[in-house]
Amino acid sequence: MTIQELPNNPHLKGQIQLKEHVAYTVVDGEALYMDLLVPWSSRGDYNFIDAQPRPLIVFVQGSSWQRPRLGDEIPQLVQFAQHGYIVATVQHRNAAEGNQFPAFLKDVKTAIRFLRRHADNYAIDPHRVVLWGTSSGANAAMLSALTMDDPRYETDAYSDQSDKVDAVVSCFGPMDVHDTFASSVGVPGVDLLQYCLFGPDKKQWGQKKDAMSPIKNVKPGKDYPPVLMFHGDADTTVPYHEMEEMVHILDQAGADVTAYRVKGAKHERDFWSPTIYKIVMDFFDGIEHPDPDAI
């Protein structure tokens, strides 16, 4: 029997590591974290300056606007890291702990700016950044993309950086918050969640729900990034028609929007398939990125 030989891999090409619980900001004494999928460094000191800069996917897990579980989609997101992306899945403040809207939106934007500030540390190309969210995370992702560099939602953290993104993917996200909550009447915890998100004065809820609804934030003539949307037509948590209406509004505003109806799919679980991940991958790969000097 002959023992065959293989070369070693001194630069750890193709090897991905999970860098857990990276603190990206502290708000009112509370640290917020992200997990990152990044290439292994041949230096072994978490300094990736020797690695080729890669495009970045910022992922926001659905959580009913409470604190997202960072690891839920990591097993599926690994394929994007192996394909050549840096992936950051980010958490935000918990609405159920008294953090009213727009706390979660400000946090997602802060995370994007943090990653741009520290691009060299994680082998990120700061000029190729895309955003992807599911459920309430899709609400946050769409709002962030529709309000890029909006001073209403900026914090002082990394204020020299932009929160602009080159594309956004929304999976079964609330596009009309009025409709989402109206469709959930009687569901345990829904009334309490509204008080947590919008405050004790119900007279203010309508205005705040408008501000938190992506469908109310689309303005004709604005230069929005390309949008890819998916929604299951059997979703009883966030009604499917919200995606249809959002697609129409975006199209009327001149935005580049592509949408998929997932037949028979409910919220999460049976929604996901290899086909969806492939469509997202192809969408991200096809994005035309701006001139770096424009960011």
Side-chain angles (χ1 to χ4, degrees), residues 24 32-37 55-74 76-77 80 85-95 101-115 129-148 150 153 163-177 180 197 211-215 217-218 224-232 235 237-238 240 242-243 246-247 250 255 257-260 262 265 267-269 271-272 276-277 279-281 283-284 287:
Y24 72 86
L32 296 175
Y33 298 93
M34 63 175 65
D35 285 353
L36 292 109
L37 293 168
L56 168 68
I57 297 171
V58 180
F59 183 85
V60 190
Q61 175 67 39
S63 61
S64 296
W65 296 286
Q66 298 176 55
R67 185 182 299 273
R69 287 161 47 100
L70 291 178
D72 280 4
E73 277 292 317
I74 287 291
Q76 280 63 245
L77 293 171
F80 292 85
Y85 289 89
I86 303 296
V87 181
T89 176
V90 305
Q91 65 177 198
H92 54 70
R93 279 171 286 174
N94 187 344
F101 172 79
F104 70 83
L105 177 57
K106 289 183 175 181
D107 295 341
V108 170
K109 288 172 171 286
T110 299
I112 295 169
R113 296 198 304 273
F114 167 90
L115 289 161
V129 178
V130 296
L131 190 53
W132 182 4
T134 64
S135 193
S136 65
N139 171 265
M142 288 293 289
L143 284 173
S144 186
L146 293 170
T147 61
M148 293 186 293
D150 188 323
Y153 305 124
D163 62 47
K164 288 184 179 179
V165 295
D166 299 328
V168 60
V169 175
S170 166
C171 295
F172 45 89
M175 297 294 106
D176 183 341
V177 175
T180 302
L197 278 167
M212 194 172 138
S213 297
I215 202 166
N217 282 271
V218 179
Y224 293 121
V227 178
L228 174 63
M229 304 186 73
F230 300 88
H231 209 122
D235 193 329
T237 302
V238 179
Y240 167 77
E242 290 189 28
M243 185 188 76
M246 186 67 185
V247 168
L250 286 168
V257 56
T258 304
Y260 289 86
V262 185
H267 203 73
E268 284 279 11
R269 298 191 180 184
F271 167 89
W272 295 106
I276 286 177
Y277 293 117
I279 292 171
V280 173
M281 188 92 73
F283 174 69
F284 285 154
I287 296 302

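Values below: all heavy atoms of this structure, side chains included; hydrogens, waters and symmetry mates excluded. Everything quoted here is computed from the prediction, not taken from an experiment.
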State, with a plain yes or no, whether a side-chain heavy atom of [X] is found less than 4.5 Å away from one of [Y].
| X | Y | answer |
| --- | --- | --- |
| V165 | V130 | no |
| N139 | M212 | yes |
| I215 | E242 | no |
| W132 | E73 | no |
| W65 | N94 | no |
| M229 | M175 | yes |
| L37 | I86 | no |
| V60 | T134 | no |

Looking at every non-hydrogen atom in both residues, tell me the closest pair between [X] and [Y] and how far apart they are.
| X | Y | value |
| --- | --- | --- |
| F271 | A265 | CA-CB, 3.8 Å |
| Y277 | F80 | O-CZ, 3.7 Å |
| V257 | V247 | CG1-O, 4.0 Å |
| L146 | P214 | CD1-O, 3.5 Å |
| S64 | S136 | N-OG, 3.2 Å |
| N217 | Y224 | O-OH, 3.4 Å |

In Å, rounded to the nearest 0.5 Å, how long is the span from [atom1] of [X] to [atom2] of [Y]?
| X | Y | atom1 | atom2 | value |
| --- | --- | --- | --- | --- |
| F284 | L228 | CZ | CG | 7.5 Å |
| D150 | L105 | CG | CG | 8.5 Å |
| R93 | T110 | CZ | OG1 | 8.0 Å |
| I112 | Y24 | CD1 | OH | 10.0 Å |
| L131 | D163 | CG | CG | 9.5 Å |

